[in-house]
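Below is one structure, written out as structure tokens; the observations come after it.
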Amino acid sequence: MSTVVERLVESWLDNQTERRYQAAFVQMLISLGWSVLHSTRHSALEFGKDVVARNPEGTLYAFQLKGNPGSRLTKTEAQGLVPQIEELNKVPLPSNIRGGRERHHAVLVTNGEIDEEAQSLFALMAADVGETTAAISFKWWGRGELLALFLSTARQVWPTSPKGTRTLLNLMATDGRDLPDLAAFTEVLVETAPVETGKASASLLNSRVSSTLLISEIAKAKWYEEDNHYALYQLTIIATIYASRFVRGNKRRKAIVRGYVRLVESHAQDLMQEAQDAFFEPTTTWTGGDPLSEVDIMWHRRNLVAECAAFLLLSKPDEDSGYDRAYAREMVSASLAEPNLWGEGAIPSLIMRYWSVYKWGGISAELGLADILRQLMSVSRGRVQNTIPLASPYYDFSSCWARSQGAFWLADPRILEDSFDERMWMARTLLLMLAKRNMKVTCKQLWQDFSHILHESMSIAPSHFRDCLLSGEGELISRTYYALNWQDLLQEVRGLEAECDHLSDFEDAPWIVAAYVSIVPYRAWEPVMMWLDRQLCSTWH
């Protein structure tokens, strides 16, 4: 097994640019007991140090990462790096990172072999480091040193069971152009960092956090290779939520997980930038072939970009936020104007986009939510011609699209056996959101349809929330409404909000949970949605 791990880690490292392996490098340092103080997003704003960290003894290090995947760092390339290395050696770290006049050890890191001529040049630059420079020393780590470090940690975090290893191998062999199997990815996390049923030591919980985040970076390799930004966004959210179960109130572990959230933002920004570079116009439905066969897929693609835009608007609402806010708003607005609800699994993402509208003070979202609920209930009751009731959130876009197009051989067989007539999962959430906004008349107008629908939800232990694996526990709850006074409806809202103590560690960053339920819509439990509604926008009740 160790030979397999070594070969896979070696193959992975030899195919990474510096940007692709930076997040894994950070998690590797953490797993070795380092405290990471800074990890930059590659841009014009970086100050010559990609990663700043303290080793277990407290010594300050600054790393500059370079990518030479499967190649060598030559003397010519080394000469081109001289200005950056001089900056690494001579420019002090920001005062908020170092203590007083503290100096740092500078390290150039590459995943390629370093030629002897290049090492000779680095040795001359190391000799220039002295009392007048910000760095105490200058060193360089080539492929050998870096691989040894990764292997020392990979052996600790690699899934030990045959099932976990097989699942990870399948993920690393998948086509990075496809959307990932989130359940398979979660299985790898579970096998790597299982949840302890009893009391766990601090060192074990620390290990669980770093193991989760490091193995997730290795598992994301194929999607990195294809620059599949939305897939990377999904996987990073899944890993963030899973790792958060080991935080348990510890500030250091919480800081590590929150630091990983910056990678979510990075993937979302990359997707936005890719859309802009491709001149993807939010108000236009683009097709590359037959419009009749591609229009739904392109609408769905726009919704996915808008989902990332909404995440950025919620998490980084400031002017100097690193992305085009006007474009993000345009993307969200266009997606709400033509929501293309392929199934109830699309509704949590839709609601997240409405929350982002509240954040920037845009259009009146209440009326839009009411219109959506009205249309959904009309479809569910069979009152709209040439439409079929929306499938439950347990079915993904591919199966729902195949069902609507009559391409039954492409759908999950279960969706063909299931019935969705006058049954809904998300209608109750939408109505309660309207009630919270004091839309009493609107709720009364919607009540007739609402009372004729069977409202379904799952009652599952909160411990299952942070993974997207289907559980054999819990029970299906079906509700019918005939009459309910206004105050009782509001009391339902307050009762649901009180059920989310397990989300208290996300009160400072609720958009992470909003993104998670958009990706895993069958975790958009009614208490979770009410809690998010309270956190992400103000209402009258």
Side-chain angles (χ1 to χ4, degrees), residues 9-43 46-57 59-91 93 97 103-126 129 133-154 210 213-214 217-218 221 224 259 262-263 266:
V9 173
E10 186 174 3
S11 174
W12 166 79
L13 184 61
D14 287 343
N15 287 280
Q16 306 304 306
T17 64
E18 70 266 21
R19 188 177 175 191
R20 290 176 186 169
Y21 76 78
Q22 179 174 325
F25 179 80
V26 167
Q27 298 308 322
M28 180 265 292
L29 291 179
I30 292 172
S31 68
L32 293 174
W34 292 60
S35 298
V36 175
L37 309 176
H38 169 81
S39 177
T40 190
R41 171 180 167 85
H42 285 261
S43 68
E46 61 180 273
F47 51 85
K49 290 86 173 171
D50 291 325
V51 177
V52 180
R54 294 187 184 278
N55 70 7
E57 290 73 41
T59 306
L60 190 63
Y61 280 76
F63 299 93
Q64 181 71 32
L65 274 56
K66 293 299 169 188
N68 297 86
S71 63
R72 307 180 68 84
L73 195 158
T74 64
K75 180 181 179 181
T76 301
E77 185 177 357
Q79 290 172 334
L81 294 175
V82 167
Q84 295 180 52
I85 296 174
E86 288 184 342
E87 185 179 15
L88 179 66
N89 292 337
K90 296 179 180 180
V91 178
L93 294 171
I97 292 180
R103 299 165 69 199
H104 63 273
H105 292 273
V107 183
L108 177 72
V109 182
T110 174
N111 60 337
E113 301 285 356
I114 304 177
D115 284 350
E116 290 184 4
E117 293 86 351
Q119 293 192 46
S120 298
L121 176 60
F122 293 156
L124 291 174
M125 300 190 73
V129 173
T133 58
I136 300 172
S137 67
F138 170 60
K139 301 177 181 179
W140 49 97
W141 294 353
R143 177 183 181 275
E145 292 88 346
L146 193 57
L147 180 59
L149 287 171
F150 272 117
L151 284 175
S152 68
T153 51
S210 59
L213 302 183
L214 177 55
E217 284 304 299
I218 293 174
Y224 271 121
R262 288 197 288 272
L263 192 59
S266 177

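All residue numbers in this chain count up from 1 along the given sequence. Both backbone and side-chain heavy atoms feed into the values below; hydrogens, waters and symmetry mates do not.
- Counting only heavy atoms from C-beta outward, the side chains of Val109 and Gln64 never approach each other to under 4.5 Å.
- Partners of Trp34 under the ring-ring contact (aromatic ring centres under 6.0 Å, His included) rule, at least two apart in sequence or in another chain, are Tyr61, Phe63.
- Looking at residues two or more places apart in sequence or on another chain, you find no side-chain hydrogen bond (donor to acceptor under 3.5 Å, both in side chains) involving Gln27.
- Looking only at side-chain heavy atoms (C-beta outward), Val51 and His38 stay at 4.5 Å or farther from each other.
- Contact annotation: the side chain of Val36 never approaches that of Val52 to less than 4.5 Å [non-hydrogen atoms, C-beta and beyond].
- A heavy-atom distance below 4.5 Å is found between the side chains of Lys49 and Leu88.
- Using a distance-only test at 3.5 Å, with no hydrogens or angles considered, a donor-acceptor pair links the side chain of Gln16 to the main chain of Trp12.
- In this structure the side chain of Gln79 reaches within 4.5 angstrom of the side chain of Leu121, judged on heavy atoms.
- Contact check for Ser266 versus Arg19: side-chain heavy atoms found under the 4.5 Å cut-off.
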- Let me see the working for Leu214 and Phe150 under side chain to side chain contact (heavy atoms under 4.5 Å, CB included), right down to the final yes or no. CA-CA 10 Å; Leu214 177 55; Phe150 272 117; 4.2 Å; yes
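- Checked against ring-ring contact (aromatic ring centres under 6.0 Å, His included), Tyr21 has no partners two or more places apart in sequence or in another chain.
- In this structure, Ile97 and His104 have side chains that are not in contact, with every pair of non-hydrogen atoms separated by 4.5 Å or more.
- Sorted by first and then second residue, the salt bridge (Lys or Arg N to Asp or Glu O under 4.0 Å) pairs with a member in residues 21-34 form an empty list; sequence neighbours excluded.
- Contacts of Arg262 classified as salt bridge (Lys or Arg N to Asp or Glu O under 4.0 Å), with partners at least two apart in sequence or in another chain: none.
- The salt bridge (Lys or Arg N to Asp or Glu O under 4.0 Å) analysis of residues 114-123, with sequence neighbours excluded, yields the pairs Arg72-Asp115.
- Arg54 places no side-chain N or O within donor-acceptor distance of the main-chain N or O of Ser35, the cut-off being under 3.5 Å.
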When the side chains of residues 136-143 are checked against the rest of the protein, which donor-acceptor pairs come out under 3.5 Å, sequence neighbours left out?
unit_1 : atom_1 : unit_2 : atom_2 : d
Ser137 : OG     : His105 : ND1    : 2.6
Arg143 : NE     : Asp14  : OD1    : 2.8
Arg143 : NH2    : Glu10  : OE2    : 2.5
Arg143 : NH2    : Asp14  : OD2    : 3.0

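- For Asn68, the side chain to side chain contact (heavy atoms under 4.5 Å, CB included) test picks out Lys66, Ser71, Leu73, Glu77, Thr110, Asn111, with sequence neighbours left out.
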